[in-house]
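Working notes for the structure below.
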Amino acid sequence: MSHAHVSYLELLARGAAPEAYDRPVLLARASGAGPEALAELEEAKQLALRVRAELEGRRRREAELSALFATAHDLAGLRDLDAVLRAIVQRARALLGTEVAYLSLNDPAAGDTYMRVTEGSVSARFQQLRLGMGEGLGGLVAQTARPYVTDDYFDDARFQHTRTIDTAVRDEGLVAILGVPLTLGSQVIGVLFAADRRARVFEREQVALLGSFAAHAAVAIDTANLLAETRSALAELERANDIIREHSGVIERASEVHDRLSELVLRGGGVHDVAEAVSEVLGGTVEFIETGTGTAAGPAAERRAGGHAVREGDDWVAAVAAGGEHLGALVLRGQPDLDPVDQRTLERAALVTSLLLLARRSAGEAEQRVRGELLDDLLDAPDRDRRLLRERAARLRTDSTAPHVVLAARVDRAGTGPAADAVARDPGSRPGPGTPAAGRDGTGEDGADRQRLWSAASHLAATRHGLASARDGGTVLLLPLGPGESAADLARQTARHLGGTLREPVTVGASAPVTAPLDHPDRVAGAYAEARRCVDALRLLHRQGQGAAAEDLGFLGLLLADNRDIDGFVDRTLGAVLAYDRRRGTDLVRTLDEYFASGMSPARTKDALHVHVNTVAQRLERVGRLLGPDWQSPARALEIQLALRLHALASSAPAP
């Protein structure tokens with residue numbers, strides 16, 4: 001091997017630049033080498049340059065293949081379509097070393113291809129470009145599914161130039177462009193481009209390299225699309241599962257409500273139990289509102305009356321009705337967005353509520369009749385078996401051993417009075433046991449008032465564990481006395497309660513207490529007569545709408561009461577003065593007696609008592625403090641004089 005060949009092998013070994021291969025020839029020419037030696041060196045140089053070019057090409061292809069495999073590997077790991085497209089364009093630009101790279105995708109619906117991603121682009125017009133099939137280099141690639149390359153775009157007549165495309169390419173300043181199709185099978189999905197802003201010849205190897213890269217890119221795009229579709233399908237499935245779970249939960253709640261409502265009905269639950277159960281299931285607050293206590297009336301009233309749950313503001317309202325009668329409504333608060341199944345649940349609860357109300361009403365009416373029948377038997381047939389009477393009272397939870405008071409109640413509308421009740425007192429006109437009569441002609445306001453009075457009295461009797469019945473144009477009650485309660489107290493309470501319920505004045509008269517009325521039923525009729533006399537007395541005294549017992553009516557009570565409690569009357573009228581005389585040893589009672597006997601003249605009184613007139617005045621002042629400032633009024637004076645006479649008679653009577 002000659003020295004020249006060794007020199008070029010050394011240059012190849014160290015990868016010298018092409019211009020270094022001229023140095024051995026120049027040195028030989030400078031040293032005076034002959035033509036043969038120079039020719040041999042020139043031949044060796046050319047051979048070395050060819051070897052160098054071959055080695056350089058192989059190294060470049062090896063680098064390109066390595067980059068291609070690395071790119072394919074990276075693309076395979078990407079899952080987001082936008083990230084895949086950006087990576088494709090960036091790698092294409094890097095692999096071919098171009099100034100610009102971009103990618104367009106076909107739009108089957110529009111029948112064109114549009115710019116999707118760019119790298120190195122500076123023109124907004126270019127980045128928003130759309131190309132029709134066959135228009136421009138990209139349109140030609142998309143239409144023919146073949147790669148196209150141009151060294152000078154504007155001088156190339158192989159594709160159709162349009163003003164829009166040429167303007168965009170000119171704005172970007174592109175000259176040399178290489179475009180290869182992105183294909184899946186026989187379908188072109190887009191075009192991958194590499195371009196420079198100067199004239200450039202893209203070699204066959206570069207075209208093949210970009211085409212291979214485009215094939216990998218197309219698969220990566222398809223994979224990303226499939227993943228996106230899969231994720232979308234999974235999201236749809238998840239939403240469907242959520243809907244199924246939600247509907248399943250709604251159905252379970254509806255089933256739970258059905259079971260709980262059925263259980264409530266079977267064990268005799270009430271309206272508030274239904275509201276509580278539905279509140280727990282629907283997650284809001286359910287309240288039952290009776291008719292006339294604030295249920296809203298709006299444009300949805302007709303649908304609500306038809307049995308539908310209707311939204312009113314942020315609430316849901318379901319009517320509670322039976323047989324055309326509106327009983328109230330179930331109102332759900334705290335759940336403005338209610339699905340149809342939960343609406344049906346609220347409607348079903350309203351239906352159950354109406355059934356419970358009807359059952360309660362029927363039971364209440366039956367109990368009222370039973371209570372009325374028992375009281376009628378005590379009044380009309382006192383000789384009935386007392387054991388049976390006590391058993392009937394026990395079933396009604398009435399305490400037969402406690403002291404009771406018989407109360408007579410009448411509604412006192414304008415224009416009514418003792419004379420107006422003459423017909424009502426006719427025993428032939430009295431209704432059947434326990435039920436009210438209509439008006440005197442069977443209809444009218446009188447009948448409505450008696451019906452309302454009987455209902456209110458029956459409810460009061462049930463709550464106080466007593467009895468009530470419609471009788472003699474009014475109502476009679478038999479109520480137990482509470483601790484520390486008097487017959488007068490009970491009469492006033494009953495008048496206030498019934499009057500407030502009916503919003504009409506109700507006059508109530510009370511008898512003296514009856515001990516163990518079921519053991520002594522014969523006393524009940526007499527007590528009822530006494531109570532009726534008290535009612536008549538109150539109405540004659542123009543005290544309609546009040547309640548009183550005989551003890552409240554002063555000396556008139558002596559005439560009305562059956563027991564003629566003289567001692568009680570004297571004590572109520574003069575008790576304070578009598579007690580003062582006993583404690584202090586004074587003579588206020590005698591002073592009062594002489595005062596009235598002297599025509600209420602202090603001067604004549606002092607002569608009768610043989611004291612100074614100032615002493616009389618002091619004693620009368622003391623009496624006024626004990627009896628009250630109105631003790632000299634005509635009514636009080638009459639009662640005091642009667643009490644003085646009765647006290648004197650009792651004091652002078654011989655001891656038994």
Can you tell me how far apart [atom1] ([X]) and [atom2] ([Y]) are? Round to the nearest 0.5 Å.
{"X": "R619", "Y": "D587", "atom1": "CZ", "atom2": "CG", "answer": "6.0 Å"}
{"X": "L332", "Y": "E312", "atom1": "CG", "atom2": "CD", "answer": "12.0 Å"}
{"X": "S455", "Y": "L460", "atom1": "OG", "atom2": "CG", "answer": "12.5 Å"}
{"X": "S469", "Y": "L477", "atom1": "OG", "atom2": "CG", "answer": "9.5 Å"}
{"X": "R625", "Y": "L620", "atom1": "CZ", "atom2": "CG", "answer": "11.5 Å"}

Identify the two heavy atoms, one from [X] and one from [Y], that lie closest to each other, and give their separation to 0.1 Å.
{"X": "A456", "Y": "L502", "answer": "CB-CD1, 3.5 Å"}
{"X": "A409", "Y": "L498", "answer": "CB-CD1, 4.1 Å"}
{"X": "T507", "Y": "G545", "answer": "OG1-N, 2.9 Å"}
{"X": "A487", "Y": "P513", "answer": "CB-CD, 4.3 Å"}
{"X": "A527", "Y": "V514", "answer": "CB-CG2, 3.7 Å"}
{"X": "A319", "Y": "A350", "answer": "O-CB, 3.4 Å"}

Student check: side-chain heavy atoms of [X] and [Y] closer than 4.5 Å:
{"X": "V577", "Y": "I640", "result": "no"}
{"X": "Q632", "Y": "Y595", "result": "yes"}
{"X": "L626", "Y": "L588", "result": "yes"}
{"X": "V405", "Y": "L479", "result": "no"}

L592/L574 under side chain to side chain contact (heavy atoms under 4.5 Å, CB included): CA gap, chis, key distance, verdict: CA-CA 10 Å; L592 268 177; L574 289 176; 4.2 Å; yes

Any residue meeting side-chain contact (heavy atoms from CB on, under 4.5 Å) with [X], in chain and number order, not counting sequence neighbours:
{"X": "A617", "value": "none"}
{"X": "T285", "value": "none"}
{"X": "A408", "value": "Y528, A531, R532, V535"}
{"X": "R503", "value": "none"}

Test side chain to side chain donor-acceptor pair (under 3.5 Å) applied to [X] - qualifying residues, sequence neighbours left out:
{"X": "E594", "result": "none"}
{"X": "T605", "result": "none"}
{"X": "D630", "result": "R636"}
{"X": "R333", "result": "E287"}

Of all pairs that satisfy salt bridge (charged side-chain N to carboxylate O under 4.0 Å, His left out), the ones with a partner from residues 457-469, not counting sequence neighbours: R464-E485

Salt bridge (charged side-chain N to carboxylate O under 4.0 Å, His left out) involving R496 - partner list, sequence neighbours excluded: none

Using atom types as modelled and distance alone, determine if a side-chain donor or acceptor of [X] lies under 3.5 Å from a backbone N or O of [Y].
{"X": "S486", "Y": "D489", "value": "yes"}
{"X": "R622", "Y": "G624", "value": "no"}
{"X": "T475", "Y": "A470", "value": "no"}

L407 vs L490, side chain to side chain contact (heavy atoms under 4.5 Å, CB included): CA-CA, chis, key distance, verdict: CA-CA 9 Å; L407 302 112; L490 186 55; 4.0 Å; yes

